[in-house]
Undergrad: 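Structure below; questions to follow.
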Amino acid sequence: MSMSLERSNALTGMMRTLEEGGFDRVDPPILQPAEVFLDLSGEELRRRLFQVQDPAGRELCLRPDMTIPVSRHHLGTGDPLRAADYCYLGPVFRHRPGSDEPDEFMQAGIESFGTEDYAAADARIVALGVTAARGLGAQNLTLKIGDPTLLLGFVAALDVPAAWQRRLRSAFGTEGGVKGMLKNAGEEAAGSAAYASALARLDPQAARSLVSEMVDIAGIASVGGRSADEIAERLIERASLSGGNALDDGTRELITRFMDIDALPEDAMAEISTLAEEADIDAAPALEAFAARLDAMSQVGIDAANIRFSASFGRRLDYYSGFVFEASAPNIAAGPVVAGGRYDALLELLGAPQPVPGVGCAIWIDRAFAAGGSR
């Protein structure tokens, strides 16, 4: 990639800002084990991977982002439970058909592990990510935040069946989102009533074996990195959404109204409180965490009037576990300039002995320059 002297100097200045903010610069290998991304990155990113095979037959891929490579670097230090902060700048690779943006592009970012004060860590990442983008010239950035755990806590308090809770979580960031999933899953469940009744008469292992045999007999190949067993699990779960586990109309309406919340943070908190009162559930603990994060953001100079909360906003990447955010510019239609969130389970999924608090963000370099009028 060719780069002007002006851009090079701007990037040098940005990385200096990140390092002076307490983040150690790292440069993980471009080639990464493909299996890790196939397992953890969600279907959307799996479809965009550039995969290769080395002479020994190992399946590798060009890194599609930096969060997992930086997390693997942290694990490699030998003490994954310690607090550590990293920054990076380098190329990443994603197949993006139909986009004007190239498949190879520069990305910078920051990742923070082990900080127990979640609100302060989240605010620090948001503030530094936005500051870095502005250092490249990005102007008129607006913040959107979300937190799928708010909905998940709401539906858990409603005693929504576990199968529905899993489907709701997986719907964040997908086309149609949670509301689309509610509609489609309801139709699927209605068509699966007899199937679900038959499976319900079997113990779980027998049900899995039966569905796996049906998948094998049908000759269904691995799809999107999913094995026949995983496809079988998906079919069993789909069937479990019907019968006694079906959602009643009142619960569907409450969830739909929750997902419609899109407002300034203070107004969003008031709307969530109103819904919780209607449903006769206690939303205070979740809202206290929400308010603590807003207070922490205010303390690092983020104006709440410049933030929009959307209950439907979540990440497609499977390892994100809670708070998410993105900073967008009005003249950039391709996507956010800065995006990130919390992924407390990721290090354990990669091999750490227990969950480690984690939060970070990525900065799209080309978009940041374009958001300031530089191309």
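What you see below is based on every heavy atom in this structure, not just the backbone, and it leaves out hydrogens, waters and symmetry mates. None of these values were measured; they are calculated from a predicted model.
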Undergrad: Using a strict cut-off of less than 4.0 Å between a Lys/Arg side-chain nitrogen and an Asp/Glu carboxylate oxygen, indicate whether Arg367 and Glu101 qualify as a salt bridge.
TA: yes
Undergrad: To the nearest 0.5 angstrom, please state how far the CG atom of Leu38 sits from the SG atom of Cys61.
TA: 7.0 Å
Undergrad: Once you round to the nearest 0.5 Å, how far does CE of Met106 lie from CG of Asp366?
TA: 8.5 Å
Undergrad: Can you tell me if Arg72 and Gln32 form a side-chain donor-acceptor pair at under 3.5 Å?
TA: yes
Undergrad: Taking salt bridge (charged side-chain N to carboxylate O under 4.0 Å, His left out) as the cut-off, I'd like each qualifying pair that reaches into residues 268-285, sequence neighbours left out, listed once.
TA: Arg257-Glu278
Undergrad: For Ala329 versus Ala371, what's the shortest heavy-atom pair and its separation?
TA: CB-CB, 3.6 Å
Undergrad: Quick one: which of Ile255, Leu158, Leu182, Val155 gives a side chain to side chain contact (heavy atoms under 4.5 Å, CB included) with Trp164?
TA: Leu182
Undergrad: With a 4.5 Å cut-off on side-chain heavy-atom distances among I, L, V, M, F, W and Y, is there a chain of contacts connecting Ile302 to Val359?
TA: yes
Undergrad: State the CD1-CD1 distance between Ile261 and Ile272, to the nearest 0.5 angstrom.
TA: 4.5 Å
Undergrad: Using a 4.5 Å cut-off on heavy atoms from C-beta on, say whether the side chain of Leu143 contacts that of Glu326.
TA: no
Undergrad: Check whether any side-chain heavy atom of Ser328 lies under 4.5 Å from a side-chain heavy atom of Val337, and answer yes or no.
TA: no
Undergrad: Is there a donor-acceptor pair under 3.5 Å between the side chain of Thr251 and the backbone N or O of Leu247?
TA: no
Undergrad: Compute the centroid of each ring, for Phe154 and then for Phe258, and state whether the two points are separated by less than 6.0 Å.
TA: yes
Undergrad: Quick check: closest heavy atoms across Leu346 and Ser71, and the distance to 0.1 Å?
TA: CD2-OG, 3.4 Å
Undergrad: Membership question, hydrophobic clusters at under 4.5 Å side-chain separation (ILVMFWY): are Met66 and Ile30 in the same one?
TA: no
Undergrad: Run Ile365 and Leu89 through side chain to side chain contact (heavy atoms under 4.5 Å, CB included) and show every step you take.
TA: CA-CA 9 Å; Ile365 299 303; Leu89 172 67; 4.1 Å; yes
Undergrad: Does anything in residues 73-91 form a salt bridge (charged side-chain N to carboxylate O under 4.0 Å, His left out)? List the pairs, not counting sequence neighbours.
TA: Asp85-Arg124
Undergrad: If we ignore hydrogens and angles and just use 3.5 Å, is the side chain of Asn331 paired with the main-chain N or O of Ala370 as donor and acceptor?
TA: yes
Undergrad: For Ala283 and Ala276, work out which heavy atoms get closest and say how close.
TA: CB-CB, 3.6 Å
Undergrad: Please report the shortest heavy-atom distance between Leu264 and Ala305, naming the atom on each side.
TA: CD2-O, 4.0 Å
Undergrad: Is it the case that over 12 heavy atoms from other parts of the model lie below 6.0 angstrom from the CG atom of Asp100?
TA: no
Undergrad: Do the side chains of Arg58 and Gln53 get nearer than 4.5 Å, heavy atoms only?
TA: no
Undergrad: Kindly indicate, with the supporting measurements, whether the criterion side chain to side chain contact (heavy atoms under 4.5 Å, CB included) is fulfilled by Gln51 and Leu60.
TA: CA-CA 6 Å; Gln51 297 187 61; Leu60 304 172; over 6 Å; no
Undergrad: Step by step, work out the salt bridge (Lys or Arg N to Asp or Glu O under 4.0 Å) result for Asp103 and Arg94.
TA: CA-CA 5 Å; Asp103 290 346; Arg94 295 186 194 180; over 6 Å; no
Undergrad: Measuring only between side-chain heavy atoms, which start at C-beta, is Ile363 closer than 4.5 Å to Gln107?
TA: no
Undergrad: Search all heavy atoms of Leu287 against all heavy atoms of Met269 and return the closest pair with its distance.
TA: O-CE, 3.8 Å
Undergrad: Starting at CG of Asn306, measure out to NZ of Lys144 and round the result to the nearest 0.5 Å.
TA: 14.0 Å
Undergrad: Phe309 vs Asp267, test: side chain to side chain contact (heavy atoms under 4.5 Å, CB included). Steps then yes/no.
TA: CA-CA 9 Å; Phe309 171 82; Asp267 295 335; over 6 Å; no
Undergrad: State, with a plain yes or no, whether a side-chain heavy atom of Leu81 is found less than 4.5 Å away from one of Pro353.
TA: yes
Undergrad: Please tell me whether Glu111 and Thr67 have a donor and an acceptor in their side chains that are separated by less than 3.5 angstrom.
TA: yes
Undergrad: Do the side chains of Val300 and Leu128 join up, straight or via other hydrophobic residues, at under 4.5 Å, putting them in one cluster?
TA: yes
Undergrad: Looking at Asp147 and Arg342, does any basic side-chain N land under 4.0 Å from a carboxylate oxygen?
TA: no
Undergrad: Given the rule that I, L, V, M, F, W and Y join up when any side-chain heavy atoms are under 4.5 Å apart, are Leu168 and Ile281 in one cluster?
TA: yes
Undergrad: Begin with the C-alpha distance, continue with both residues' side-chain angles, and end with the deciding distance and a verdict on side chain to side chain contact (heavy atoms under 4.5 Å, CB included) for Phe113 and Val70.
TA: CA-CA 10 Å; Phe113 302 106; Val70 171; 4.2 Å; yes
Undergrad: May I ask you to test the Ile125-Ser112 pair for a side-chain heavy-atom distance under 4.5 Å?
TA: yes
Undergrad: Using modelled atom types and a 3.5 Å cut-off, is there a donor and acceptor pairing between side-chain atoms of Ser321 and backbone atoms of Asp344?
TA: yes
Undergrad: Report yes if the side chains of Leu31 and Val52 come closer than 4.5 Å at any heavy-atom pair, otherwise no.
TA: yes
Undergrad: Using only atom types and a distance under 3.5 Å, with no angle test, would you say the side chain of Thr77 pairs donor to acceptor with the backbone of His73?
TA: no
Undergrad: Considering only heavy atoms from C-beta outward, does the side chain of Phe37 approach that of Pro69 to under 4.5 Å?
TA: yes
Undergrad: Validate the cation-pi geometry between Arg96 and Phe105: distance from NZ or CZ to the six-membered ring centre under 6.0 Å, angle to the ring axis within 45°.
TA: yes
Undergrad: Rounded to the nearest 0.5 Å, what separation is found between the CG atom of Asp303 and the OG1 atom of Thr142?
TA: 12.5 Å
Undergrad: Are Val356 and Leu350 linked, directly or through other ILVMFWY residues, by side chains that come within less than 4.5 angstrom of each other?
TA: yes
Undergrad: With a 3.5 Å cut-off and sequence neighbours excluded, list the donor-acceptor pairs that the side chains of residues 9-29 form with protein atoms.
TA:
from: Asn9; atom 1: ND2; to: Leu5; atom 2: O; distance (Å): 3.4
from: Thr12; atom 1: OG1; to: Ser8; atom 2: O; distance (Å): 3.0
from: Thr17; atom 1: OG1; to: Gly13; atom 2: O; distance (Å): 3.1

Undergrad: Which heavy-atom pair separates Lys179 from Met259 by the least distance, and what is that distance?
TA: CG-CB, 4.0 Å
Undergrad: Let me confirm one number: the CZ-CD distance from Phe290 to Glu288, rounded to the nearest 0.5 Å.
TA: 13.5 Å
Undergrad: Do Ser298 and Asp295 have a side chain donor and acceptor closer than 3.5 Å?
TA: no
